[in-house]
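One structure is given below, encoded as structure tokens.
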Amino acid sequence: MECADNPRNKCAACYRQFNRMEHLVDHMRTSFHSIHEPTCGVCKKHCRSFESLREHLIGPLPKQECRNVFNIRGCKFCLAILDSPYALRVHQDRCQLSGVSHGISAYMANLGLRDSLTIDNGYSRGPQVVALACKTVGGGSDRSLDLCARVCIIDENENIIFHTYVKPSIPVTNYRYETTGIRPEHLRDAMPLRQVQRKVQDFLCNGEPTWKIRSPKGGKARILVGHGLDHDLDKMQVEYPPIMIRDTAKYPPLMKTSKLSNSLKYLTQAYLGYDIQNGIQDPYEDCVATMRLYVRMRRQVHRRQDYPLASDPQNRNNFASWRQNELERMSPEEMLAISRSDYYCWCLDSA
């Protein structure tokens with residue numbers, strides 16, 4: 001039997017060691033290690049999420065050598081390692097973002113006076129990106145049925161495109177004022193849900209039929225950013241292709257080590273450096289937070305690959321069982337080179 005500390009049986013990505021080479025091959029077959037994984041800037045270990053990288057650097061049981069370097073030159077927001085303490089100070093001034101400014105534009109939006117949802121018939125460079133958030137009130141006899149009552153959409157520059165209160169199709173039994181700030185007078189003459197649904201659907205598709213939207217690389221449909229968008233779109237009764245959705249609640253690098261979702265409040269505090277959702281929650285504030293998280297993840301610099309996903313036809317046989325003997329003759333580094341991610345990295349939106 002081969003020794004467990006044999007470097008030939010050590011994964012080149014996560015550094016796990018195996019007794020036999022065939023076990024390492026099985027690991028690579030199911031791990032989907034790739035250049036898109038968060039990576040320690042000190043020891044170059046790949047992690048499944050930024051939360052696991054955070055634990056590796058500053059958790060209860062960090063790798064001590066990496067922790068020592070991170071304490072001196074590491075950014076606590078993006079987890080990057082800088083060249084010097086001075087470079088770190090300069091970097092963190094940019095990396096820690098300030099909270100949302102509640103100026104005149106936000107004030108006007110809260111009055112429900114913003115509606116710039118238009119179909120763009122021009123030819124913009126790259127797909128347009130918008131963020132959406134909605135707030136719900138309660139319906140039904142037990143007041144637990146979520147009803148969409150307020151919707152906000154912003155563009156990539158954090159400008160408000162659309163803001164409206166929404167009149168639900170059934171009576172409201174709980175306005176949830178403590179968190180929504182919504183009162184009966186806000187919904188009395190509000191835009192009906194059906195009208196909101198139609199306007200938002202047409203805006204997102206941008207003149208294309210839903211069935212035709214296949215890839216963000218082509219066409220005119222907009223990339224939709226948000227947190228828990230399955231819930232928001234369901235309550236608005238809007239259908240949108242998953243390939244055009246960027247959900248901060250379901251993006252693997254932003255999830256917990258247990259693969260469960262983090263709250264938007266936590267993600268904003270941990271990765272942007274400011275607090276949201278204190279008291280009455282503003283959907284504009286949620287839109288800005290999700291857009292900033294998306295932009296930060298999109299700006300991750302990863303090496304270019306022709307076929308970056310495990311699901312690409314060219315990669316489907318990379319770890320096929322009939323290649324077992326060939327794979328066992330490869331080095332861990334060679335296996336890592338042919339391994340691909342099982343999720344779509346947002347850096348590909350800017351590729």
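Proximity of Arg292 to Met297: side-chain heavy atoms (C-beta onward) are nowhere separated by under 4.5 Å. Tyr175 is listed as a side-chain neighbour of Pro184, based on a closest heavy-atom distance under 4.5 Å. Taking 4.5 Å as the limit, some side-chain heavy atom of Phe203 sits within range of a side-chain heavy atom of Ile161. Using a 4.5 Å heavy-atom cutoff, the side chains of Arg16 and His27 are in contact. At least one side-chain heavy atom of Tyr271 sits less than 4.5 Å from a side-chain heavy atom of Leu254. Using a 4.5 Å heavy-atom cutoff, the side chains of Thr268 and Tyr274 are in contact. Two residues are said to be in side-chain contact when any heavy atoms from C-beta on lie closer than 4.5 Å; Gln324 and Ser321 fail this criterion. Counting heavy atoms from C-beta on, the side chains of Trp211 and Pro241 never come closer than 4.5 Å.
Side chain of His186 to backbone of Arg183: a donor-acceptor contact under 3.5 angstrom is found. Panel note: side chain Asn206, backbone Arg222; no donor-acceptor pair is recorded below 3.5 Å. Distance alone, capped at 3.5 Å, is enough to place a donor-acceptor pair between the Gln201 side chain and the Glu239 backbone. The backbone N or O of His33 sits less than 3.5 Å from a side-chain atom of Ser339, completing a donor-acceptor pair. When atom types are taken as modelled, the side chain of Tyr284 and the backbone of Glu158 share a donor-acceptor pair closer than 3.5 angstrom. Panel note: side chain Ser34, backbone Arg340; no donor-acceptor pair is recorded below 3.5 Å. Listed for the Gln300 side chain is no donor-acceptor partner under 3.5 Å among the backbone atoms of Cys347. In this structure a side-chain-to-backbone donor-acceptor pair under 3.5 Å is missing from Thr248 to Thr290. When atom types are taken as modelled, the side chain of Arg316 and the backbone of Ser311 share a donor-acceptor pair closer than 3.5 angstrom. Judged purely by atom type and a 3.5 angstrom limit, Asp155 uses its side chain to pair as donor or acceptor with the backbone of Asn159.
Arg194 and Gln197 share a side-chain donor-acceptor pair at under 3.5 Å. Defined by atom type and a distance below 3.5 Å, a donor-acceptor pair is missing between the side-chain atoms of Asn9 and His23.
Of the inter-residue distances, the one linking Met236 atom CE with Leu132 atom CG reads 5.0 Å to the nearest 0.5 angstrom. Between Leu187 atom CG and Ile182 atom CD1 the span is 6.0 Å, to the nearest 0.5 Å. Separation of atoms CG (Leu57) and SG (Cys75) is listed at 11.0 Å; rounding is to 0.5 Å. Interatomic distance, Gln195 CD to Met191 CE, rounded to the nearest 0.5 Å: 4.5 Å. Note that CG of Asn174 and CZ of Arg143 are 4.0 Å apart. Values are rounded to the nearest 0.5 Å. To the nearest 0.5 angstrom, Asn318 atom CG is 10.5 Å from Met28 atom CE.
Across Leu309 and Tyr343, no two heavy atoms sit closer than the pair CD2-O, 3.2 Å. The nearest pair of heavy atoms linking Thr173 to Gly140 is OG1-O, 3.0 Å. Contact record, Leu267 with His227: CD1-CE1, 4.0 Å, taken as the closest heavy-atom pair. Heavy atoms only, all atoms of each residue included: Val166 and Pro192 are closest at CG1-C, 4.4 Å. Taking every heavy atom of both residues into account, Gly41 and Ile81 meet most closely at CA-CG1, 3.7 Å. The two residues Cys14 and Cys11 come nearest to each other via the heavy atoms N-SG, 3.5 Å.
Residue Asp93 qualifies as enclosed at atom CG: its count of foreign heavy atoms under 6.0 Å is above 12. For NZ of Lys76, the number of neighbouring non-hydrogen atoms (other residues, nucleotides, ligands) closer than 6.0 Å is 12 at most. Around atom CG of Asp275, more than 12 heavy atoms belonging to other residues, nucleotides or ligands sit under 6.0 Å away. Remark: Lys167 NZ is loosely packed, at most 12 non-hydrogen atoms of other residues, nucleotides or ligands lying under 6.0 Å away.
Salt bridge absent: Glu65 and Lys63 never bring a charged side-chain N and a carboxylate O closer than 4.0 Å. A salt bridge links Asp282 with Arg150: at least one charged nitrogen is closer than 4.0 Å to a carboxylate oxygen. With respect to the salt-bridge test (charged N to carboxylate O, under 4.0 angstrom), the residues Lys259 and Glu51 do not qualify. Checked for salt-bridge contact, Lys250 and Asp230 meet the test: a charged N lies under 4.0 Å from a carboxylate O. A salt bridge links Arg246 with Asp349: the distance from a Lys NZ or Arg NE/NH1/NH2 to an Asp or Glu carboxylate oxygen falls below 4.0 Å. Between Arg48 and Asp342, at least one side-chain N (NZ, or NE/NH1/NH2) sits under 4.0 Å from a carboxylate O, which counts as a salt bridge. Taking 4.0 Å as the cut-off between side-chain N and carboxylate O, Glu326 and Arg329 do not count as a salt-bridged pair.
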**OP:** List the steps, then state whether salt bridge (Lys or Arg N to Asp or Glu O under 4.0 Å) holds for Asp286 with Lys265.
**Re:** CA-CA 9 Å; Asp286 291 356; Lys265 182 180 179 71; over 6 Å; no
Original post:
side-chain contact (heavy atoms from CB on, under 4.5 Å) between Thr180 and Thr136: does it pass, once the steps are laid out?
Top reply: CA-CA 8 Å; Thr180 66; Thr136 60; over 6 Å; no
Original post:
Where do Glu55 and Thr257 land on the side-chain contact (heavy atoms from CB on, under 4.5 Å) test, with the steps shown first?
Top reply: CA-CA 9 Å; Glu55 290 184 4; Thr257 54; 3.7 Å; yes
**OP:** Begin with the C-alpha distance, continue with both residues' side-chain angles, and end with the deciding distance and a verdict on side-chain contact (heavy atoms from CB on, under 4.5 Å) for Phe77 and Arg296.
**Re:** CA-CA 10 Å; Phe77 302 116; Arg296 176 150 292 181; 4.1 Å; yes
Subject >> Step-by-step side-chain contact (heavy atoms from CB on, under 4.5 Å) determination, Glu285 to Val288 >> reply: CA-CA 5 Å; Glu285 186 178 57; Val288 170; 5.9 Å; no
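Taken together through direct or relayed side-chain contacts under 4.5 Å among Ile, Leu, Val, Met, Phe, Trp and Tyr, Leu79 and Tyr266 form part of one hydrophobic cluster. In the hydrophobic clustering of ILVMFWY residues, with side-chain heavy atoms under 4.5 Å counting as a link, Met255 and Leu260 come out apart. Cluster membership for Tyr177 and Val172, using ILVMFWY side-chain heavy atoms within less than 4.5 angstrom, is not shared. Hydrophobic clustering of Ile, Leu, Val, Met, Phe, Trp and Tyr side chains at less than 4.5 Å, counting indirect connections, unites Val130 with Tyr251. Cluster membership check: Val129 shares its hydrophobic cluster with Phe162, using side-chain heavy-atom separations under 4.5 Å among Ile, Leu, Val, Met, Phe, Trp and Tyr.
Both tests do not hold together for Lys10 against Phe18: distance to the six-membered ring centre under 6.0 Å, angle to the ring axis within 45°.
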